[in-house]
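Here the structure comes first, spelled out in structure tokens, and everything after it is commentary.
Starting from 1, each residue takes its place in the sequence as its number.
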Amino acid sequence: MEQAGALDEGATGSVITTDQARDFHTLGLAGCIDKLTIPLRQKGIFVRLETPHHGVEVPAACAALLYHTAQETLSNALEYSQATELTLRLAAVHNGVRLTITDNGTGFQSQLLGGKRHGNGVCRMTVAAHEAGGTIAMDSTPGKGTRVSITLPLK
């Protein structure tokens, strides 16, 4: 799983963790990501998971990177955002797959990206996406929430 390597380093400090191995074959990527939302739902956060079915098979390395990105983003939302609603959308795009996570939380200023307050998870996500030939975009405005979108080619 070469593509997930940049996110695996030091990821033990995540708020959201799983003690079960990710089983993409049995649950599928969407099912594995849905399991990550359990702590948010338990805190009363309304979670919407949108997974339009397009019959696209996501390679294991790509699924692992999307899973780790979801794990980091959801951990940040749980710990910092004070969100009451969160939407995850996993969709096929031209020759790839895109995961978009949007919350209605407090947001943050862009200069905090990768700073001490948020750790280096954002930096790891960015490096891993670029190493995989993909892109990642983060949009956040204080008081208006945050949107993280990662798009990866299907290789």
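Distance check: Tyr80 OH to Ser75 OG gives 9.5 Å after rounding to the nearest 0.5 Å. Note that the CG atom of Leu90 and the OG1 atom of Thr51 stand 7.0 Å from one another [nearest 0.5 Å]. To the nearest 0.5 Å, the span separating OG1 on Thr87 from CZ on Arg48 amounts to 4.0 Å. The line from CD of Glu57 to SG of Cys62 is 11.0 Å long, rounded to the nearest 0.5 Å. With rounding to the nearest 0.5 Å, the separation of CG in Asn76 from CE in Met138 is 9.0 Å. Rounded to the nearest 0.5 Å, atoms CD1 (Ile33) and CG (Leu27) are 11.5 Å apart.
With Leu74 as the fixed residue, the side-chain contact (heavy atoms from CB on, under 4.5 Å) test singles out one of Thr69, Ile45, Leu36, Ile38: Leu36.
A donor-acceptor contact closer than 3.5 angstrom links the side chains of Asn104 and Thr84.
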Cut-off 3.5 Å, no hydrogens considered: what does the side-chain donor-acceptor table look like for residues 147-154, sequence neighbours left out?
unit_1: Ser149; atom_1: OG; unit_2: Thr100; atom_2: OG1; d: 3.3
unit_1: Thr151; atom_1: OG1; unit_2: Arg98; atom_2: NE; d: 2.7
unit_1: Thr151; atom_1: OG1; unit_2: Arg98; atom_2: NH2; d: 3.4

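Residue Leu99 is not grouped with residue Val93 when hydrophobic side chains (ILVMFWY) are merged at heavy-atom distances under 4.5 angstrom, including chains of intermediate members. Residue Phe46 is not grouped with residue Leu49 when hydrophobic side chains (ILVMFWY) are merged at heavy-atom distances under 4.5 angstrom, including chains of intermediate members.
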Checklist line | Trace of the side-chain contact (heavy atoms from CB on, under 4.5 Å) decision for Leu88 with Val47 | finding: CA-CA 8 Å; Leu88 296 95; Val47 177; 3.6 Å; yes
Next item on the list: With salt bridge (Lys or Arg N to Asp or Glu O under 4.0 Å) as the test, would you mind laying out the steps for Asp103 and Lys144 before giving the verdict?
Entry: CA-CA 9 Å; Asp103 71 49; Lys144 304 265 184 184; over 6 Å; no
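The two residues Pro39 and Leu78 have their closest heavy-atom pair at CB-CD2, 4.1 Å. Heavy atoms only, all atoms of each residue included: Phe108 and Ser140 are closest at N-OG, 2.8 Å. Residues Ala63 and Leu29 approach most closely at O-CD1, 3.5 Å, considering heavy atoms.
Taking 4.5 Å as the limit, some side-chain heavy atom of Met125 sits within range of a side-chain heavy atom of Thr73.
Applying the salt bridge (charged side-chain N to carboxylate O under 4.0 Å, His left out) test to pairs two or more places apart or on separate chains, none has a residue in residues 59-69.
For Thr37 (side chain) and Asp34 (main-chain N/O), a donor-acceptor pair under 3.5 Å exists by modelled atom type.
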